[in-house]
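Hydrogens, waters and symmetry mates play no part in the numbers below; they use all other heavy atoms, side chains included. So you know, we letter chains A, B, ... as the sequences are listed, proteins then strands, and number each from 1.
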Protein chains: 2
Amino acid sequence: MDDIKAQLIDVAQTLIQKLGYNGFSYRDISAIVGIRNASIHYHFPTKADLGAAVAASYRERFMERLASAKEDETDTYNLLSFYASLFKEALDQDNRMCLCGMLSAEVSSLPDLVAVEAKRFLEENLDWLSRQFAIHANNGDGRLSEGPETEAALYMASLQGALILAKGLGDTGIFDRIAEAALGRYR
Amino acid sequence: MDDIKAQLIDVAQTLIQKLGYNGFSYRDISAIVGIRNASIHYHFPTKADLGAAVAASYRERFMERLASAKEDETDTYNLLSFYASLFKEALDQDNRMCLCGMLSAEVSSLPDLVAVEAKRFLEENLDWLSRQFAIHANNGDGRLSEGPETEAALYMASLQGALILAKGLGDTGIFDRIAEAALGRYR
DNA sequence: GTCTATAAGATGATAGAC
DNA sequence: GTCTATCATCTTATAGAC
């Protein structure tokens, strides 16, 4: 991939995580990257194209990191803890939301192209989490009160919500307390 | 309060819940209310004024409904279930987010006036929930694995996140499954 | 209180030179 | 591939008539 194209995606990702899809403009990117905003249209003809590319790249990178963690770590509890740390990472970097949590909140005002990519992120994450919860239950490491799919949805919702509370309250610490409590159910 | 002023707040609230603060304009309100957008400035000089008024009114109404429910219902488990139904309500009405969940996600691009009101909503909600969890624990109805403040934060985060997942996935049902699982911890 | 008119700037996007 | 120039449109907001 083009160096500049990758850079545009990277900057746009940060802007969406901070300001939302409706909160950033090509001009904001220009100011950071040092390219004229007309030039961005050469790489991404429409804002929807850029948004979709950002969401797709975010999802791929996220799933790659999960796959890589899965190779190094066999304990499901630790894997679930690692999963939470990926969300915390966004918060630590300039108070960002999860990209796809942000997009999901805005979904009613999103181009279909973008909405579809955000949806796919959620689906793949829920699938991955469900598998870990299923393994966790099979190991007898902890009893789940719900099926793995529901536990996956509850866990992910807790983390997305924890980001919202942390941002709204301006209190990073509350993310940790929520994440720890959510994870604690599976100890 | 002015009839028209109340109507402007009501319409703006719906628009923010659906599209976000950055996703709606005075023009959108004009189109719905049937008033010229210049006239809106008479009632709310700036968009920040309107946003803050919307958030304040939303919070007041929300807390009133909680207070009123508290009078009719003494069982804390049922109260917590009622609390979740207030969030579900938004989803059922045209796929809306919680107003202050939406604002919290956008907080980095919000005027201070608006951010402060959103924060206050979260604080008052967490206070209210903490009190119910404290009562619940005292009654011996269920043991909490965390302190009431943390349980409150976890429960609220689960519901805010459940709205995000439901919107992003286009699946209202997942909200119910998450809410029920979250509540189930306190059975 | 609501209107028309208008300002001043931002926005996504295109045309055409280099 | 990036630039300048330009477009049509939207945005928040103000001035002044009614």
Side-chain angles (χ1 to χ4, degrees), chain A residues 1-55 57 102-103 106-118, chain B residues 1-55 57 102-103 106-115 117:
Chain A
M1 162 121 65
D2 254 324
D3 202 48
I4 177 70
K5 210 163 174 173
Q7 198 190 347
L8 291 173
I9 287 179
D10 186 59
V11 169
Q13 183 194 307
T14 302
L15 288 170
I16 297 175
Q17 285 182 271
K18 282 194 66 181
L19 314 174
Y21 181 84
N22 294 313
F24 89 102
S25 71
Y26 272 35
R27 219 187 170 213
D28 296 326
I29 301 180
S30 307
I32 296 168
V33 175
I35 192 181
R36 290 313 173 113
N37 88 53
S39 308
I40 304 173
H41 283 282
Y42 170 80
H43 300 280
F44 301 99
T46 71
K47 195 183 179 183
D49 291 324
L50 174 56
V54 168
S57 125
M102 178 67 91
L103 292 177
E106 292 180 292
V107 79
S108 305
S109 60
L110 247 41
D112 275 352
L113 257 187
V114 184
V116 163
E117 293 296 334
Chain B
M1 163 119 68
D2 254 325
D3 204 49
I4 176 73
K5 209 162 175 175
Q7 199 191 346
L8 292 173
I9 288 179
D10 186 61
V11 169
Q13 183 195 308
T14 302
L15 287 170
I16 296 175
Q17 285 182 271
K18 282 193 66 181
L19 314 173
Y21 181 84
N22 293 313
F24 90 100
S25 72
Y26 274 35
R27 216 186 173 213
D28 296 327
I29 301 179
S30 307
I32 296 168
V33 176
I35 193 182
R36 289 315 174 113
N37 86 53
S39 308
I40 304 174
H41 283 281
Y42 171 80
H43 300 280
F44 302 99
T46 71
K47 193 182 179 183
D49 292 323
L50 174 56
V54 168
S57 124
M102 178 67 91
L103 292 177
E106 292 180 293
V107 81
S108 306
S109 61
L110 246 42
D112 275 352
L113 257 187
V114 184
E117 293 296 334

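Every residue was checked against the side chain to side chain donor-acceptor pair (under 3.5 Å) condition with A/Ser30, not counting sequence neighbours, and none meets it. With sequence neighbours left out, B/Lys18 forms a side chain to side chain donor-acceptor pair (under 3.5 Å) with B/Asp94. Evaluation of the side chain to side chain contact (heavy atoms under 4.5 Å, CB included) rule for B/Pro45 yields B/Asp49 as partners, not counting sequence neighbours. Residues meeting the ring pair (Phe, Tyr, Trp, His ring centres under 6.0 Å) test with A/His41, sequence neighbours left out: A/Tyr26. Applying the side chain to side chain donor-acceptor pair (under 3.5 Å) test to B/Ser109 and every residue at least two apart in sequence or in another chain returns B/Asn22.
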For residues 1-14 of chain B, which side-chain donor-acceptor pairs fall under 3.5 Å, sequence neighbours excluded?
from    : atom 1 : to      : atom 2 : distance (Å)
B/Gln13 : NE2    : B/Gln17 : OE1    : 2.9
B/Thr14 : OG1    : B/Asp10 : O      : 3.3

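For DNA chain C, the span of nucleotides reached by chain B at under 4.0 Å from its heavy atoms goes, 5' to 3', from C/dG1 to C/dA5.
Residue pairs meeting the salt bridge (charged side-chain N to carboxylate O under 4.0 Å, His left out) criterion with at least one partner in residues 24-44 of chain A, sequence neighbours excluded, are absent. Evaluation of the salt bridge (charged side-chain N to carboxylate O under 4.0 Å, His left out) test over residues 106-117 of chain A, restricted to residues two or more places apart or in two chains, returns A/Arg59-A/Glu117.
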Tabulate protein N/O versus nucleotide N/O from nucleotides 4-7 of chain D, keeping only pairs under 3.5 Å, one per line.
none

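One interatomic measurement links the two molecules: CG of B/Asp49 to P of D/dT12, which rounds to 13 Å at whole-angstrom precision.
The main-chain N or O of A/Pro111 is never found under 3.5 Å from a side-chain atom of A/Lys47 such that the two would form a donor-acceptor pair.
The shortest distance between side-chain heavy atoms of B/Leu50 and B/Phe24 falls below 4.5 Å.
Interface residues of residues 6-26 of chain B facing DNA chain D, ordered by number: B/Phe24, B/Ser25, B/Tyr26; criterion, heavy-atom separation under 4.0 Å.
Looking at heavy-atom distances under 4.0 Å, B/Asp3 makes no contact with the nucleic acid at all. Using a 4.0 Å heavy-atom cutoff across all strands shown, A/Asp2 reaches sugar-phosphate atoms only and no base atom.
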